[in-house]
Enquirer: 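Before we start, here is the structure in question, set down as structure tokens.
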Amino acid sequence: MQNAPSYAILGPTASGKSSLAVEVARRLGGAVVNGDPFQAFEGLAIGTGQPLESEQGGIPHLGYGALPLSATINPADFGASVRQTLSETANPVLVTGSGLYLRGIWNQLSELPLVPEGITERVRAWEGVLGPRTLHRYLAAVDPLRAAQIHPHDPSRIQRALALHLATGGRPSDLMGGVLRGVPEGWRALVVLPARDAMRQRVARRVAWMIGKGWEEEAHAALAAGHGADLRRLRPLGYELWLEGGDPHGVEARIVQLTQAYAKRQVTFFCNQWPEIPVWDPDGESLDVALGKLGIA
RNA sequence: GCCUGGGUAGCUCAGUUGGUAGAGCAAUGGACUGAAAAUCCAUGUGUCGACGGUUCGAUUCCGCCUCCAGGCA
């Protein structure tokens with residue numbers, strides 16, 4: 001007895017993942033499930049590119065805009081909740097642009113204890129005063145193995161490792177390891193990968209479209225709703241730039257630039273972490289080719 | 001027309017008391033175990049505006065021309 005496979009549509013921002021997912025779900029009689037952490041939040045629909053109703057093609061979309069802006073998430077818990085949704089959905093088509101969160105969804109992260117907020121904040125405060133190199137030396141003293149994996153200039157990973165050490169008293173490297181890699185059993189995945197020039201154009205066009213839809217207003221609405229001080233929520237690309245103000249054309253150009261760089265990082269992650277996943281060029285290959293690569297007759 | 005600044009990497013600019021140049025951003029490649037739309041790593045041959053002069057040697061000094069910005073007429 002073999003269960004029907006689940007499908008994962010991956011790829012960089014603006015590549016056309018969402019519209020492909022709609023087509024795939026239509027063929028399967030299934031639903032689209034969000035695996036993107038930022039698109040999961042309410043109040044960020046435009047700037048994070050959540051599929052609008054007009055783009056959903058009458059296919060059920062689950063997990064978009066569902067979390068309150070005040071919520072905090074992490075890849076493991078988010079992944080578990082997405083897994084729950086997937087298990088309750090017939091013929092789910094997962095869409096995500098986040099490699100780390102895909103790890104969470106596919107259960108490919110070590111089970112690490114929750115680090116209390118206070119410890120995280122304390123370590124961040126240290127970093128501000130001492131700088132990453134000093135903290136890296138500290139980490140090297142308590143966990144040489146983990147320290148060797150992290151560059152001395154990489155504050156975010158150094159802080160994370162140190163916080164984990166302080167929270168547990170142990171070595172982070174002892175807590176990590178043994179995770180599975182690759183595409184899990186029962187999954188069929190596809191990376192949507194436009195050619196580089198096409199990707200840059202797609203990003204520019206999409207940013208312009210999002211601005212037309214009222215991105216700047218959305219950013220101010222989030223601020224007015226009391227989320228200005230909560231930088232965690234304003235991390236998604238662009239929001240801070242809108243709130244800083246300035247020449248709108250300059251902001252647009254900067255957002256396009258940052259988004260293009262981000263898209264490149266996404267491609268690197270998907271293609272190098274899961275090299276076995278087939279890639280599909282949305283501008284050069286037909287929908288049937290995509291379906292074929294997903295094993296849909 | 002005159003005066004003053006300025007023309008150096010794709011962009012914004014440093015700099016060279018004369019020995020053919022370097023930062024930030026961008027770009028390209030890469031990493032990635034709870035900040036991930038984050039964070040970090042690697043990669044720099046550009047007629048140093050044009051032409052001429054001085055010099056062993058000029059992007060640097062001098063002359064002339066040209067373009068841009070501002071000011072005065």
Side-chain angles (χ1 to χ4, degrees), chain A residues 11-14 35-41 44 46-50 71-81 96-117 119-121 123-124 127 132-133 135-136 143 145-146 148-164 167-168 171-181 196-197 199-200 203 206-207 210 215 219 230-242 250 253-275:
Chain A
T13 184
D36 186 290
F38 286 104
Q39 293 187 352
F41 284 92
L44 306 177
I46 296 167
T48 64
Q50 292 170 26
T72 56
I73 61 174
N74 66 66
D77 292 344
F78 181 80
S81 105
T96 187
S98 167
L100 179 65
Y101 278 73
L102 179 62
R103 279 259 165 77
I105 294 163
W106 280 352
N107 211 1
Q108 297 181 339
L109 297 171
S110 304
E111 284 199 27
L112 301 175
L114 212 59
V115 175
E117 190 76 14
I119 290 182
T120 303
E121 277 168 19
V123 175
R124 284 185 190 181
E127 206 276 330
R133 289 174 154 279
L135 288 198
H136 189 265
D143 187 354
L145 206 62
R146 186 64 185 137
Q149 294 168 339
I150 301 175
H151 194 277
H153 295 168
D154 191 342
S156 100
R157 290 195 175 79
I158 295 167
Q159 287 168 44
R160 166 67 182 158
L162 265 186
L164 207 47
T168 62
R171 284 191 290 261
S173 60
D174 288 340
L175 303 168
M176 294 157 51
V179 297
L180 294 169
R181 292 291 181 110
R196 182 54 57 87
D197 280 352
M199 193 167 88
R200 299 175 65 78
V203 167
R206 187 163 126 114
V207 168
M210 283 156 66
W215 190 356
D230 191 349
L231 285 179
R232 279 177 68 88
R233 287 282 67 80
L234 294 176
R235 274 189 112 71
L237 213 156
Y239 286 86
E240 272 181 302
L241 292 172
W242 288 122
R254 183 66 185 146
I255 289 177
V256 167
Q257 225 168 38
L258 291 170
T259 306
Q260 286 170 340
Y262 163 56
K264 193 162 66 64
R265 270 179 272 134
Q266 290 175 291
V267 169
T268 304
F269 200 100
F270 287 123
C271 292
N272 295 351
Q273 299 284 318
W274 290 283

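We name chains A, B, ... by the order of the sequence lines, and we start the count at 1 in each one.
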Enquirer: Look at the side chain of Ala261(A) and decide which nucleotide, out of U33(B), A35(B), A27(B), has an atom nearest to it.
Expert: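 Ranking U33(B), A35(B), A27(B) by closest atom to the Ala261(A) side chain puts A27(B) first.
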Enquirer: Just to be sure I understand the rule, does Thr48(A) reach a base, reach only the sugar-phosphate, or reach nothing, if contact means heavy atoms closer than 4.0 Å?
Expert: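 Base contact - Thr48(A) has a heavy atom under 4.0 Å of at least one base atom.
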Enquirer: Measuring from atom CZ of Arg133(A) to atom CD1 of Ile158(A), what distance do you get when rounded to the nearest 0.5 angstrom?
Expert: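 Those atoms lie 9.5 Å apart.
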Enquirer: Taking atom P of C32(B) as reference, at what distance in whole Å does atom OH of Tyr262(A) sit?
Expert: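 Rounded to the whole Å, the gap is 17 Å.
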Enquirer: Report yes or no: is there a donor-acceptor pair, N or O only, under 3.5 Å between the side chain of Ser156(A) and the base of U39(B)?
Expert: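 Donor-acceptor pair under 3.5 Å: no.
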Enquirer: Measuring only the C1' atom in each nucleotide, how far is G15(B) from G52(B)? A whole number of Å is fine.
Expert: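 So the two C1' atoms sit 26 Å from each other.
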Enquirer: With a non-hydrogen cut-off below 4.0 angstrom, is Gly99(A) in contact with a base, only sugar-phosphate, or nothing?
Expert: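 Result for Gly99(A) = nothing.
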Enquirer: Under 4.0 Å between a side-chain N/O of His153(A) and OP1 or OP2 of C41(B), yes or no?
Expert: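 So the side-chain polar atoms of His153(A) do come within 4.0 Å of the phosphate oxygens OP1 or OP2 of C41(B), strictly under.
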Enquirer: Which nucleotide in the list A26(B), A27(B), U39(B) gets nearest to the side chain of Arg254(A)?
Expert: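 Of all the options, the side chain of Arg254(A) is nearest to A26(B).
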Enquirer: Mapping Ser98(A) and Phe269(A) to their closest nucleotides on RNA chain B, which lands nearer the 5' end?
Expert: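 Its nearest nucleotide being more 5', the pick is Phe269(A).
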Enquirer: Of the non-hydrogen atoms in Ile119(A) and Ala163(A), which two are nearest, and what is the gap between them?
Expert: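 Here Ile119(A) and Ala163(A) meet closest at CG2-O, 3.7 Å.
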Enquirer: Please state whether the phosphate of U33(B), meaning OP1 or OP2, lies under 4.0 angstrom from any side-chain nitrogen or oxygen of Arg160(A).
Expert: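 Arg160(A) to U33(B) OP1/OP2: no side-chain N or O under 4.0 Å.
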Enquirer: Rounding to an integer number of angstrom, what distance separates A35(B) and A42(B) when you compare their C1' atoms?
Expert: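 It works out to 24 Å between them.
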Enquirer: Say whether, by atom type as modelled, one donor and one acceptor occur between the side chain of Gln39(A) and the main chain of Thr96(A) under 3.5 angstrom.
Expert: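 Flag not set: sc Gln39(A) to bb Thr96(A) has no pair under 3.5 Å.
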Enquirer: Find the distance Leu237(A):CG to A36(B):P and express it as a whole number of Å.
Expert: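 So the two atoms are 12 Å apart, to the nearest Å.
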Enquirer: Closest nucleotide of RNA chain B for Arg103(A) versus for His151(A): which of these residues is on the 5' side?
Expert: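 Nearest-nucleotide comparison on RNA chain B picks Arg103(A).
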Enquirer: Looking only at atom C1', what distance separates A58(B) and C72(B), rounded to whole Å?
Expert: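 Going atom to atom, C1' in each nucleotide, I get 34 Å.
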Enquirer: Counting only distance, no hydrogens or angles, is the base of A35(B) paired donor-acceptor with the side chain of Gln159(A) under 3.5 Å?
Expert: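 Side chain to base: pair found, below 3.5 Å.
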Enquirer: If we take the P atom in both A37(B) and C32(B), what is their distance in whole Å?
Expert: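 Taking atom P in both A37(B) and C32(B), they lie 16 Å apart.
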Enquirer: Quick one: does Thr120(A)'s side chain get under 4.5 Å of Gln159(A)'s, heavy atoms only?
Expert: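 Side chain of Thr120(A) against side chain of Gln159(A), heavy atoms only: no contact under 4.5 Å found.
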Enquirer: Distance-only check: which donor-acceptor pairs under 3.5 Å involve side-chain atoms of residues 101-111 of chain A, not counting sequence neighbours?
Expert:
unit_1	atom_1	unit_2	atom_2	d
Arg103(A)	NH2	Gln273(A)	OE1	2.5
Gln108(A)	NE2	Gly182(A)	O	2.7
Ser110(A)	OG	Gly177(A)	N	3.1

Enquirer: Decide yes or no on side-chain contact (heavy atoms from CB on, under 4.5 Å) for Thr48(A) and Asp36(A), but give the supporting numbers first.
Expert: CA-CA 9 Å; Thr48(A) 64; Asp36(A) 186 290; 5.7 Å; no
Enquirer: When the distance from CG of Leu102(A) to C1' of U33(B) is rounded to whole Å, what number comes out?
Expert: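 Between C1' of U33(B) and CG of Leu102(A): 13 Å.
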Enquirer: Stem ranges for RNA chain B, with three or more consecutive Watson-Crick or G-U pairs under 3.5 Å?
Expert: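 Stem list for RNA chain B: B:1-7 with B:66-72, B:10-13 with B:22-25, B:27-31 with B:39-43, B:51-53 with B:61-63.
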Enquirer: Would you say the side chain of Arg157(A) and the base of A38(B) hold a donor-acceptor pair, judged only by whether the two atoms sit under 3.5 Å apart?
Expert: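 Checked by distance alone, the answer is yes.
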Enquirer: Mind telling me whether G63(B) is syn or anti, cutoff 90° either side of 0?
Expert: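 The base of G63(B) is oriented anti (glycosidic angle more than 90° from 0).
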Enquirer: Can you tell me, in whole Å, how much space there is between the P of A23(B) and that of C61(B)?
Expert: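 23 Å, rounded to whole Å.
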Enquirer: Which donor-acceptor pairs under 3.5 Å do side chains of residues 256-265 of chain A form with protein atoms, sequence neighbours excluded?
Expert:
unit_1	atom_1	unit_2	atom_2	d
Gln257(A)	OE1	Arg254(A)	NH1	2.9
Thr259(A)	OG1	Ile255(A)	O	2.6
Gln260(A)	OE1	Arg200(A)	NH2	3.2
Gln260(A)	NE2	Arg200(A)	O	3.1
Tyr262(A)	OH	Gln266(A)	NE2	2.8

Enquirer: Looking only at the side chain of Asn74(A) (C-beta and beyond, no hydrogens), which of the listed nucleotides A35(B), A38(B), G34(B) gets closest?
Expert: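 The answer is G34(B).
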Enquirer: Can you check the distance between G71(B) and G46(B), where both ends of the measurement are the C1' atom (answer in whole Å)?
Expert: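 Result for the C1' pair: 33 Å, nearest Å.
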Enquirer: So Phe78(A), base contact, sugar-phosphate only, or nothing? Heavy-atom distance under 4.0 Å.
Expert: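 Phe78(A): no heavy atom of the nucleic acid under 4.0 Å.
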Enquirer: Between A31(B), C32(B), A27(B), which nucleotide gets closest to the side-chain atoms of Gln273(A)?
Expert: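 Of the options given, the side chain of Gln273(A) lies nearest C32(B).
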Enquirer: Report yes if the side chains of Thr13(A) and Arg206(A) come closer than 4.5 Å at any heavy-atom pair, otherwise no.
Expert: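 Touching, per the 4.5 Å side-chain cut-off.
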Enquirer: Can you tell me the distance, in whole Å, between the NZ atom of Lys264(A) and the P atom of A37(B)?
Expert: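 Rounding to the nearest Å, NZ of Lys264(A) and P of A37(B) are 15 Å apart.
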Enquirer: Rounded off to whole Å, could you give me the CD-to-C1' distance for the Gln50(A) and A37(B) pair?
Expert: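 Interatomic distance, CD of Gln50(A) to C1' of A37(B): 13 Å.
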Enquirer: What pair of heavy atoms forms the shortest contact from Phe38(A) to Pro236(A), and how long is it?
Expert: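 Closest heavy-atom pair between Phe38(A) and Pro236(A): CE2-CD, 3.3 Å.
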Enquirer: Looking only at non-hydrogen atoms, find the nearest pair between Phe78(A) and Ala40(A) and report the distance.
Expert: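 Nearest pair, atom of Phe78(A) first, then Ala40(A): CE1-CB, 3.7 Å.
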Enquirer: Which whole-number value in Å describes the distance from Glu111(A) CD to G34(B) C1'?
Expert: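 In whole Å, G34(B) C1' and Glu111(A) CD are 13 Å from each other.
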Enquirer: Using the P atom as the point on both nucleotides, what is the distance between G29(B) and G6(B), in whole Å?
Expert: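 Here G6(B) and G29(B) have their P atoms 39 Å from each other.
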Enquirer: Which whole-number value in Å describes the distance from Asn272(A) CG to C41(B) P?
Expert: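 Value for this atom pair: 19 Å.
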Enquirer: Counting the atoms with a prime plus P, OP1 and OP2 as sugar-phosphate, which does Gly177(A) contact under 4.0 Å by heavy atoms, base, sugar-phosphate, or nothing?
Expert: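 It contacts base atoms.
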Enquirer: Ignoring backbone atoms, test whether Thr268(A) places a side-chain nitrogen or oxygen under 4.0 Å from the OP1 or OP2 oxygen of G30(B).
Expert: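 So the side-chain polar atoms of Thr268(A) do come within 4.0 Å of the phosphate oxygens OP1 or OP2 of G30(B), strictly under.
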Enquirer: How long is the line joining CG of Leu258(A) and C1' of C25(B), in whole Å?
Expert: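 In whole Å, C25(B) C1' lies 10 Å from Leu258(A) CG.
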Enquirer: Under 4.0 Å between a side-chain N/O of Arg146(A) and OP1 or OP2 of U33(B), yes or no?
Expert: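 Arg146(A) to U33(B) OP1/OP2: side-chain N or O found under 4.0 Å.
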Enquirer: Please pick, from A37(B), A35(B), U28(B), the nucleotide with the shortest atom-to-atom distance to any side-chain atom of Arg265(A).
Expert: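 That would be A37(B).
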Enquirer: Using the P atom as the point on both nucleotides, what is the distance between U55(B) and A69(B), in whole Å?
Expert: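 Each nucleotide's P atom is 38 Å from the other's.
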